[in-house]
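A short write-up of the structure that comes next.
Predicted model only: the values in this text are computed from it and were never measured. For the numbers below, each heavy atom of this structure counts, side chains included, while hydrogens, waters and symmetry mates do not. In this chain, numbering begins with 1 at the start of the sequence shown.
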Amino acid sequence: QFQDLEFNVPYQALLRKGFDVDVAGIKPGEAHGSLGMKFTPNKNLASMRNGDFGVYDALVIPGGPGSTRFLWKNKTVQHVAQFFNHNKKIVATICNACAVPVEAELLKNKQATIYPSDEGKALLAQHQVTFVDQGCVVLPDEKIITAQSPEYAQDFAQAIIELLETKGSNQHVSQTSY
């Protein structure tokens, strides 16, 4: 139940820019978007280990209605986000997927955005993260991007590309779907 635009807009933008993009599913098989998109990931997150993530420059996690069920409190996805962050790699999340870096304690005492529901804002407050009511928040020094909703999918994609180009990446991106 990923949000189709939050997945597809950055995915297509990264491909157009020449980046290699792998898509890791939380579960094996086809992933279904909330608007009807279907995509079969080429990786299974459960079978990947830290060493597998070394080739990637960015972790991109789309949101959607399934986020609160599949991503919130998901220790595996939090661990992957921590690995990327600790290795100075980009962690980019949108909509309710912004809970991942929050719960992974990557944003404590920092600013971020999330889908502006009461539940999302409360989650940020609970983890001492300052909610910013804007479409896309980029913390370049931390290499963390948070965006509010599908309305900002293009801005989100552009922010990812700009950070990748600033970094001088090796052109590999991991995108998680569920």
With rounding to the nearest 0.5 Å, note down the distance linking CG in Leu59 to CD1 in Ile145. 11.0 Å
Side-chain contact test, heavy atoms from C-beta onward, threshold under 4.5 Å: evaluate it for Phe53 versus Asn87 and give yes or no. no
At what distance, to the nearest 0.5 angstrom, does CG of Asp52 lie from CG of Leu45? 10.0 Å
Consider only side-chain N and O atoms of Gln148 and Asp133, and report whether a donor and an acceptor are under 3.5 Å apart. yes
Side chain to side chain contact (heavy atoms under 4.5 Å, CB included) partners for Asn42, two or more places apart: Asp22, Val23
Contacts of Leu5 meeting side chain to side chain contact (heavy atoms under 4.5 Å, CB included) (sequence neighbours excluded), chain-then-number -> Gln3, Val9, Pro150
Does Lys121 reach the main-chain N or O of Phe131 with its side chain, forming a donor-acceptor pair under 3.5 Å? no
Could you report the tightest heavy-atom contact between Cys136 and Ala159, atom names first, then the distance? SG-CB, 4.1 Å
Minimum side-chain heavy-atom gap Leu14-Lys17 below 4.5 Å: no
Are the side chains of Glu103 and Leu123 in contact, using a 4.5 Å heavy-atom criterion? yes
Side chain to side chain contact (heavy atoms under 4.5 Å, CB included) with Lys143: which of Ile90, Thr166, Leu106? Ile90
Does Phe83 share a hydrophobic cluster with Val80, counting links as ILVMFWY side-chain heavy atoms below 4.5 Å and allowing steps through other members? yes
For the residue pair Thr68 and Glu119, what are the closest heavy atoms and their distance? CG2-OE1, 4.3 Å
For Lys38, give me all partners under side chain to side chain contact (heavy atoms under 4.5 Å, CB included), at least two apart in sequence or on another chain. Glu30, His32
Within the supplied structure, the quantity of interest is the number of heavy atoms (other residues, nucleotides, ligands) at a distance under 6.0 Å from Asp118 CG; does it exceed 12? no
Rounded to the nearest 0.5 Å, how far apart are CG of Leu71 and SG of Cys98? 10.5 Å
What pair of heavy atoms forms the shortest contact from Ala97 to Pro62, and how long is it? CB-O, 3.4 Å
Mind running side-chain hydrogen bond (donor to acceptor under 3.5 Å, both in side chains) on Gln158 and Gln154 for me, showing each step along the way? CA-CA 6 Å; Gln158 187 58 41; Gln154 191 61 49; 5.1 Å; no
Quick one: does Gln111's side chain get under 4.5 Å of Thr146's, heavy atoms only? no
Indicate whether any N or O donor in one side chain lies under 3.5 Å from an N or O acceptor in the other, for His127 and Glu105. yes
Between Val77 and Phe70, is any pair of side-chain heavy atoms under 4.5 Å apart? no
Is there a donor-acceptor pair under 3.5 Å between the side chain of Asn96 and the backbone N or O of Ser67? no
Met48 and Ala24: which non-hydrogen atoms are nearest, and at how many Å? SD-CB, 4.1 Å
Min side-chain heavy-atom separation Val91-Val100 under 4.5 Å: no
Would you kindly confirm whether Val102 and Tyr152 end up in one hydrophobic cluster when ILVMFWY residues are joined by side chain heavy atoms under 4.5 Å apart? no
Can you tell me how far the CG atom of Leu124 sits from the NZ atom of Lys110, to the nearest 0.5 Å? 13.0 Å
What do you reckon, are the aromatic ring centroids of Phe2 and Phe39 less than 6.0 Å apart? no
Minimum heavy-atom separation for Ala31 and Pro41, please, with both atom names. N-CD, 4.2 Å
Do Ser34 and Asp4 come close enough that some side-chain heavy atom pair is under 4.5 Å? yes
I would like to know whether Leu139 and Leu107 meet side chain to side chain contact (heavy atoms under 4.5 Å, CB included); could you show each step before the answer? CA-CA 10 Å; Leu139 303 177; Leu107 290 166; 3.6 Å; yes
To the nearest 0.5 Å, how far apart are CD1 in Ile94 and OH in Tyr115? 12.0 Å
For Ile114 and Cys95 the tightest heavy-atom approach is CG1-O, 3.3 Å
With side chain to side chain contact (heavy atoms under 4.5 Å, CB included) as the test, would you mind laying out the steps for Val138 and Glu162 before giving the verdict? CA-CA 10 Å; Val138 180; Glu162 287 174 10; over 6 Å; no
Rounded to the nearest 0.5 angstrom, the CG-CD1 distance for Asn74 and Ile26 is 5.0 Å
Assess the pair Tyr11 and Phe7: is the distance between their ring centroids shorter than 6.0 Å? yes
